[in-house]
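Heads up, the thing below is written out as structure tokens.
When a ligand or atom number is given, it counts from 1 through the structure's own listing order.
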Amino acid sequence: MTDPIQSIVIVGGGAAGWLTASILAKQFQLKTSEISITLIESSDIPTVGVGEGTWPTMRNTLRKIGIDENTFLRQCNASFKQGNQFVGWHDGQENDKYYHPFSAPQAHGKFDLSPYWMQQAKQDFASSVCFQPQLCELNLAPKGITDKQYQGQANYGYHLDAGKFSQLLKEHAIDNLGVSHVIDTVEHVSLDKQGYIEQIQLENLPSISGDFFVDCTGFSSLLLGQAMGVPFIKKSDCLMTDRALAVQLPYDNENTPVASHTKSVAQSCGWIWDIGLNTRRGIGYVYASEYTTTAQAKQTLADYVGVDIAKLNAKEIAFTAGHREKFWHKNCVAIGLSAGFLEPLEAAALMLIEISADHVAQKLPGCKSLLPIVADRFNQDMSTRWNKVIEFLKLHYVLSKREEPFWQAMRASSSTPESLTQQLKLWQYQPPHEYDFSSAVETFPAASYLYVLYGMHFQTDLSQRDHLVSQQDIAEKLFQLNNQPTTQLSQRLPDHRTLLTQLQSHSFQKI
Ligand SMILES: Cc1cc2nc3c(=O)[nH]c(=O)nc-3n(C[C@H](O)[C@H](O)[C@H](O)COP(=O)(O)OP(=O)(O)OC[C@H]3O[C@@H](n4cnc5c(N)ncnc54)[C@H](O)[C@@H]3O)c2cc1C
């Protein structure tokens, strides 16, 4: 084979770099193949250091790369995440809250309970069709100590310490998967005459050549953005938040309950995330600098946390919503913040890293001449995914009745993607259905749209669809079926904190 791809160079040692290194190393079985992976990271440029919520996809990723779930939970101070709770998003009044749980509604995909729920609407949508909100309300874990690794009685992802997570992945990639590690700062990226990356020049060590490069350099996008000149497409006209203030907070005492969901609490110019890890809480205010000052934002966060603003030791992060025009160009692919960033409302960034790295692992060709074909597919796939995430994030805002200028701007039709506007028109007369999401690379399923739409009190007029609402007996059985696991699981599952404490000395068995 001419021009074979044998040496892969990853630049960046944040969560994106080490996750990608592990996923590729596992796929290519480095110890027995001719492929090598080198990861370069700077000791002078820090990682972003936030990113504490994952999707359930992370279970499969960790299992696939060979990390023990007990080790992961202990070393990353991780806890279980069963979904998101949105507080104050509809109108900001008392009791304005709803869940977007990870478990799908009863019989989802086979029988649509939503029209029947609309007719009776005895309790909120999520609790009527899914048992998981109740588990979250009771601070229960999604599994017990006798359940196997990565298996749950309810669907779950994690909350984790981002720094410890990168460290665990680093040790695993180097010690167990054969990834070579170089600590130095990249000074220059050399391209050949065709515009392919040839070599990475370092500050102190000799240059490193490679056949294929992965840009995991964070917001700087040193390879794909700066060296190759792939433009950044701003999405800040649609998603207007551009700052985050993050703090870490100890628990009041060692018995304080640990929430098993991310709380997203709406504020006048954005929203606050509240995440419970095993050992502390991670809290942050995501806001739009056009509508508030840093000082006001700090005050908002201090009020939420309940500390004096003078004592608030918040890390400030600036960002612009958007993504690269292309994610894979010639012999370079960008994964992580170098590919783009959108406000972390549904914690989709790590999931996009997992999917991107897996796509590269499955499709990276053996020779350079095939790269353009694979790159084209990857770019189409990832563009669709990014646009779908943007639409879904925007959905949370366009349904809000909040009156502050930020919220009015966020729901203005001029800032809303046309495709979302069209879907909302349709959903006025029929609930979201799998057929509304026909792409093979859908990021959020119909179930997620159902939870957000009806959690936000969206009205669907079923009068044109009377003929469909005729299987009341089946619906009643499913509503009852939902109540059964709710009661049974509530009795069977351990308290979340109790399980996390138990895990310090006991372990989940291997599958
Ligand atoms: C406020 C906020 C909240 C977030 N919350 C979530 C969440 O809940 N869930 C989620 O999934 N995601 C979340 N994210 C996103 C998540 O943090 C990132 O996707 C994840 O941490 C990956 O970052 P990264 O590795 O791409 O970049 P970084 O962590 O910034 O790492 C960049 C790496 O590149 C290296 N580097 C840079 N320049 C050079 C150079 N010249 N030479 C050598 N090395 C270099 C650095 O040393 C570093 O190792 C959040 C992000 C923000 C900003």
Can an N or O of Gly13 be found at a distance shorter than 3.5 Å from an N or O of ligand 1? yes

Counting only nitrogen or oxygen atoms and a 3.5 angstrom limit, does Leu337 reach ligand 1? yes

Do Arg280 and Asp161 meet the salt-bridge criterion of a basic N to acidic O distance under 4.0 Å? yes

Name the option, out of Gly340, Ala15, Ser338, that contains the heavy atom nearest to atom 20 (C) of ligand 1. Ala15

Given Phe319, Trp55, Phe341, which one has a non-hydrogen atom that is nearest to atom 52 (C) of ligand 1? Phe341

Tell me which protein heavy atom sits closest to atom 35 (C) of ligand 1, plus the residue, atom name and distance to 0.1 Å. Gly12 CA, 3.7 Å

Can you classify the ring geometry of Phe378 versus Trp328 as parallel (below 30°), tilted (30 to 60°) or perpendicular (above 60°)? perpendicular

Identify the closest protein heavy atom to atom 42 (N) of ligand 1: which residue and atom is it, and at what distance? Val186 N, 2.8 Å

How about CG on Asn313, more than 12 heavy atoms from neighbouring residues, nucleotides or ligands closer than 6.0 Å, or not? no

Can you confirm if the NZ or CZ of Lys143 lies within 45° of the ring axis of Phe508 and under 6.0 Å from the centre of its six-membered ring? yes

If you count the atoms of ligand 1 from 1 in the order shown, which ones are under 4.0 Å from a heavy atom of Asp184? 43 (C)

of all protein heavy atoms, closest to atom 19 (O) of ligand 1 is Ala349 CB, 3.5 Å

Give the residue, atom name and distance (to 0.1 Å) of the protein heavy atom nearest atom 30 (O) of ligand 1. Val48 N, 3.3 Å

So the atoms of ligand 1 within less than 4.0 Å of a heavy atom of Leu222 turn out to be 40 (C), 41 (N)

Under 4.0 Å from a heavy atom of Ala244: which atoms of ligand 1 are those, numbered in the order shown and with their elements? 1 (C)

The protein heavy atom nearest to atom 11 (O) of ligand 1 is Leu350 N, 2.7 Å

Taking atom NZ of Lys234 as the centre, report whether more than 12 heavy atoms of other residues, nucleotides or ligands fall under 6.0 Å from it. no

Which is closest to atom 43 (C) of ligand 1 in terms of heavy atoms, Gly284, Gly14, Ser42, Ala339? Ser42

State yes or no: are the ring centers of Trp407 and Trp271 separated by less than 6.0 Å? no

If you take the nearest heavy atom of each of Ala246, Gly53, Ala162, which one is closest to atom 8 (O) of ligand 1? Gly53

Residues His100 and Ser448: closest non-hydrogen pair is NE2-OG, 3.0 Å

Taking only heavy atoms of Ala16, which atoms of ligand 1 are found under 4.0 Å from at least one of them? 22 (C), 24 (P), 25 (O), 26 (O)

Among protein heavy atoms, which lies nearest atom 3 (C) of ligand 1, and at what distance? Pro344 CG, 3.5 Å

Are a donor atom and an acceptor atom from the side chains of Glu346 and Asn84 found within less than 3.5 Å of each other? yes

Does any donor atom in the side chain of Asp358 or Gln362 lie under 3.5 Å from an acceptor atom in the other side chain? yes

Output yes when the distance from some N or O of ligand 1 to some N or O of Ala348 is under 3.5 Å, and no in every other case. no

Do Thr300 and Gln267 have side-chain N/O donor and acceptor atoms under 3.5 Å apart? no

Checking a contact table here: which protein heavy atom is nearest atom 37 (C) of ligand 1, and how many Å away? Thr217 O, 3.6 Å

Find out whether the Lys NZ or Arg CZ of Arg385 is both under 6.0 angstrom from the six-membered ring centre of Phe327 and within 45° of the ring's axis. no

Does CD belonging to Glu290 count more than 12 external heavy atoms closer than 6.0 Å? no

Non-hydrogen atom of Trp18 closer than 4.0 Å to ligand 1: no

Closest non-hydrogen protein atom to atom 14 (N) of ligand 1, residue and atom name please, with distance? Gly51 CA, 3.7 Å

Strictly under 6.0 Å, is that where the ring centroids of Tyr158 and Phe165 end up? no

Nearest to atom 47 (O) of ligand 1 by heavy atom, Thr20, Ile45, Val50: which? Ile45

Taking only heavy atoms of Cys216 into account, list the atoms of ligand 1 that are under 4.0 Å away from them. 32 (C), 33 (C), 34 (O)

Under 4.0 Å to a heavy atom of Ala347 - the qualifying atoms of ligand 1, by number: 7 (C), 8 (O), 9 (N), 11 (O)

Only heavy atoms of Ile353, strictly under 4.0 Å: list the atoms of ligand 1 that pass. 19 (O), 22 (C)

Give the atom numbers and elements of ligand 1 that come within less than 4.0 Å of a heavy atom of Glu52. 7 (C), 8 (O)

